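Here the structure comes first, spelled out in structure tokens, and everything after it is commentary.
Predicted, not measured: the structure shown is a model, and the values here were computed from it. Order of the sequence lines fixes the chain letters, A, B, ..., with proteins taken first and strands second; residue numbering starts at 1 for each chain.
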Amino acid sequence: MIDTQILREQPEALRASQERRGDPVSHVDDAIAADSARRTAIGEFESLRAQQNASAAQVGKASKEERPALIAAAKELAQQVKDAQAAANDAEAAFEAAAARIANIVIDGVPAGGEENFVTLEHRGPRTSGDTVAPLDFEPRDHVDLGESLKAFDLARGAKVSGTRFYYLTGIGMRLELALMNMALDKTLDKGFTPVTTPTLVRPEIMQGTGFLGEHASEVYYLPADDLYLVGTSEVALAGFHADEIIDLEQPKRYAGWSTCYRREAGSAGKDTRGILRVHQFNKLEMFAYVNPADAEAEHERMRDIQTDLLDACELDYRVIDVAAGDLGSSAARKFDIEAWVPSQGTYRELTSTSNCTTFQARRLKTRFKDEDGKNRPVATLNGTAATTRWIVALLEQHQQADGTVRVPEALQPYLGGLTALEPIPTP
RNA sequence: GGAGACGUGCCGGAGCGGCCGAACGGACUUCACUGCUAAUGAAGGGUCUCGUGAAAACGGGACCGGGGGUUCAAAUCCCCCCGUCUCCGCCA
């Protein structure tokens with residue numbers, strides 16, 4: 001939810017932001033019109049209501065003889081109040097609908113334009129020089145090939161039991177996932193995050209409040225029998241954690257949520273159908289922070305640094321991109337994605353993402369803090385991936401050896417009982 | 001799954017349909033008293049929103065789990081939902 005104060009006082013900032021996102025600028029003017037209509041309607045209702053309150057008080061004080069006349073007069077007023085209230089409610093709803101169409105104000109410096117207009121901030125990794133990654137000196141196998149020979153996952157049986165885009169992680173695959181998650185957990189603990197396992201089924205209000213029923217609505221699994229949604233990320237549950245609260249922000253509140261994530265992948269039929277790159281269910285450790293809005297940008301960089309540290313620990317080649325305005329979710333004011341090199345595809349694929357939602361999400365969820373003047377103001381929220389199942393793809397592909405083994409980066413070895421290489425398991 | 005009880009402000013806890021934004025405690029803030037702390041006395045409070053105002057303020061409206069309804073008038077009566085608790089049953 002945008003700030004109505006800004007809507008009234010600095011509509012230009014909103015228009016400029018819409019422009020950079022490639023969203024209709026007219027939404028801003030629609031919302032301004034709806035806001036003033038709503039204020040007029042509320043004003044009418046409230047003055048009638050004030051009259052009604054006064055006349056009801058008179059009835060209460062009146063003697064038995066005076067009452068019938070007063071009540072008759074009040075009856076008429078009651079109907080007017082009812083009508084005015086209905087009108088005010090409608091105007092309020094219309095305003096909210098209009099305001100909801102406006103996305104968060106993009107932070108200065110975010111590249112304008114669509115998906116392809118991202119700006120690369122950095123290329124990094126052991127085989128990276130400049131903006132290119134040195135090729136392997138043998139023909140790379142893809143992660144499916146590698147994973148199957150290592151018996152790290154079982155795609156056929158995943159499909160048999162649950163359908164396409166489902167899989168079993170088996171043996172070393174399962175351990176690798178846990179190793180990544182645990183390494184990330186230790187890192188976030190070190191950085192002051194409180195670990196939490198979150199609910200993966202949430203109520204409609206929470207799904208709505210976090211913004212996932214907007215443009216992502218078709219991505220979300222819904223259980224009609226219980227009126228609950230399956231979360232696509234623990235961001236949902238972590239954002240809802242402090243909903244309707246006034247929290248203490250002397251120190252930022254940082255949580256690391258561990259959960260399974262569910263995504264319908266509705267619009268992506270035929271895309272990434274092979275392997276575990278794009279699946280309906282996976283695990284993720286998600287960072288989430290509540291901070292003073294003044295500190296949001298610094299916190300965003302802090303999250304990005306945690307992410308690059310983790311990728312570095314995995315000895316991966318990757319690039320960090322500043323996502324263009326048009327490719328941001330409606331809640332995000334800025335987003336950094338980190339994409340790892342995938343040799344078999346000769347391209348970069350997203351492993352992490354971190355968004356600064358400024359006060360947009362918190363306003364909708366009613367999460368506030370007391371500022372220096374003791375006023376209640378919405379907090380800023382930020383989220384970012386610490387590790388997901390998908391990292392296995394980059395890990396297998398980038399660390400594959402000519403002999404079919406996969407090297408285990410040093411930092412990950414303690415989480416795998418000291419294992420230094422993953423060995424193929426022959427099928428009898 | 002069945003039966004019942006309950007949900008009031010930061011906390012506890014009252015509340016005949018009008019005199020209830022809400023008694024009374026406690027906590028908190030300010031002031032007074034005290035050499036300091038404690039104790040004591042006095043005063044003050046929440047949230048959202050609209051309007052006037054440069055602002056401090058002032059005035060209006062709303063908020064007693066949420067949403068509807070009845071009524072001139074609802075914390076109080078009725079309905080639905082959500083949540084908490086107790087008992088019984090069921091499954092582990």
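- B:C11 atom P lies 12 Å from atom CD1 of A:Ile246, rounded to whole Å.
- For the pair A:Arg38 and B:U49, the criterion of a side-chain N or O lying under 4.0 Å from OP1 or OP2 is not met.
- Between A:Asp35 and A:Arg38 there is a salt bridge, since a side-chain N of the basic residue sits under 4.0 Å from a carboxylate O of the acidic one.
- Between A:Asp248 and A:Lys253 there is no salt bridge, since none of the side-chain N atoms of the basic residue sits less than 4.0 Å from a carboxylate O of the acidic one.
- Comparing A:Ile42 and A:Lys75 against RNA chain B, the residue whose closest nucleotide sits nearer the 5' end is A:Ile42.
- Taking the side chain as every heavy atom from C-beta outward, A:His399 and A:Leu316 approach each other to under 4.5 Å.
- B:U71 is unpaired under the criterion used here, namely a Watson-Crick or G-U wobble arrangement in which both key atom distances are under 3.5 Å.
- Taking atom CD of residue A:Gln79 and atom C1' of nucleotide B:A73, one finds them 15 Å apart after rounding to whole Å.
- Nucleotide B:G7 is shown with an anti base, its glycosidic torsion being more than 90° from 0.
- Rounded to the nearest Å, the gap between the P atom of B:G61 and that of B:C19 is 13 Å.
- One interatomic measurement links the two molecules: CD of A:Gln85 to P of B:A74, which rounds to 10 Å at whole-angstrom precision.
- Here, B:G65 and B:C11 have their P atoms 13 Å apart, quoted to the whole Å.
- The same atom, P, is picked in B:G18 and in B:A32; the two are 42 Å apart, to the nearest Å.
- Using a 4.0 Å cut-off between a side-chain N of Lys or Arg and a carboxylate O of Asp or Glu, A:Arg49 and A:Glu46 do not qualify as a salt bridge.
- Nucleic acid contact for A:Gln52: sugar-phosphate only, since backbone atoms but no base atoms lie under 4.0 Å from a heavy atom of the residue.
- For B:C90, there is no paired base (Watson-Crick or G-U wobble, both distances below 3.5 Å).
- A:Arg49 has its CZ atom 9 Å from the C1' atom of B:A62, to the nearest Å.
- Between the C1' atoms of B:G12 and B:C16, the separation comes to 24 Å (whole Å).
- For A:Arg377, no side-chain nitrogen or oxygen approaches OP1 or OP2 of B:U47 to under 4.0 Å.
- The separation between A:Leu228 atom CG and B:C81 atom C1' is 14 Å, rounded to whole Å.
- Between A:Arg368 and B:C48 there is a side-chain N or O to OP1 or OP2 distance below 4.0 Å.
- When heavy atoms are screened at a 4.0 angstrom cut-off, A:Ala74 is found touching the sugar-phosphate backbone but no base atom.
- Using N1 to N3 plus N6-O4 or O6-N4 for Watson-Crick, or N1-O2 and O6-N3 for G-U wobble, each under 3.5 Å, B:U76 pairs with nothing.
- One interatomic measurement links the two molecules: CD of A:Glu44 to P of B:G51, which rounds to 13 Å at whole-angstrom precision.
- For the OP1/OP2 pair of B:G60 and a distance below 4.0 Å, the side-chain nitrogens and oxygens of A:Asn53 include no atom meeting the criterion.
- When distances are taken from the side chain of A:Ala78 to each of B:G61, B:C82, B:C72, the shortest belongs to B:C72.
- Within 4.0 Å (heavy atoms only), A:Lys366 reaches no atom of the nucleic acid at all.
- Listed nucleotides: B:C48, B:G18, B:G83. Nearest to the side chain of A:Asn376: B:C48.
- Taking atom C1' in both B:G44 and B:G51, the straight-line distance is 26 Å, to the nearest Å.
- Comparing B:A75 with B:G7, their C1' atoms are spaced 12 Å from each other, to the whole Å.
- When the shell of 6.0 Å around CD of A:Glu315 is examined, it contains more than 12 heavy atoms from other residues, nucleotides or ligands.
- Taking the P atom of each, B:C80 and B:C20 are spaced 32 Å apart, rounded to whole Å.
- For the pair A:Glu92 CD and B:C48 C1', the interatomic distance rounds to 11 Å; values are reported in whole Å.
- Within the 4.0 Å cut-off from OP1 or OP2 of B:U70, at least one side-chain nitrogen or oxygen of A:Lys82 is found.
- The pair A:Asp30-A:Arg101 fails the salt-bridge criterion, with no side-chain N (NZ, NE, NH1 or NH2) lying under 4.0 Å from an Asp/Glu carboxylate O.
- Remark: B:G9 base-pairs with no nucleotide in the shown strands. Criterion, Watson-Crick or G-U wobble with two distances under 3.5 Å.
- Side-chain N/O atoms of A:Thr233 and A:Lys284 include a donor and acceptor closer than 3.5 Å.
- Look at B:A57: its Watson-Crick or wobble partner, with both distances under 3.5 angstrom, is B:U52.
- In the set B:C50, B:G83, B:C48, the nucleotide with an atom closest to the side chain of A:Arg39 is B:C50.
- Across all strands shown, the partner of B:A62 is B:U47, judged by Watson-Crick or G-U wobble contacts whose two distances both fall under 3.5 Å.
- A salt bridge is defined here as a Lys NZ or Arg NE, NH1 or NH2 lying under 4.0 Å from an Asp or Glu carboxylate O, and A:Glu219 with A:Arg263 fails to meet this definition.
- Distance A:Gln51 CD to B:A73 P: 14 Å, rounded to the nearest Å.
- Residue A:Arg363 is out of contact with every strand shown, counting any heavy-atom pair closer than 4.0 Å.
- Separating the C1' atom of B:A74 from that of B:G15 is a span of 13 Å, rounded to the nearest Å.
- With both pairing distances under 3.5 Å, B:U40 is matched to B:A32 as a Watson-Crick or G-U wobble pair.
- Base pairing of B:C85: its partner is B:G4, meeting the Watson-Crick or G-U wobble criterion (both donor-acceptor distances under 3.5 Å).
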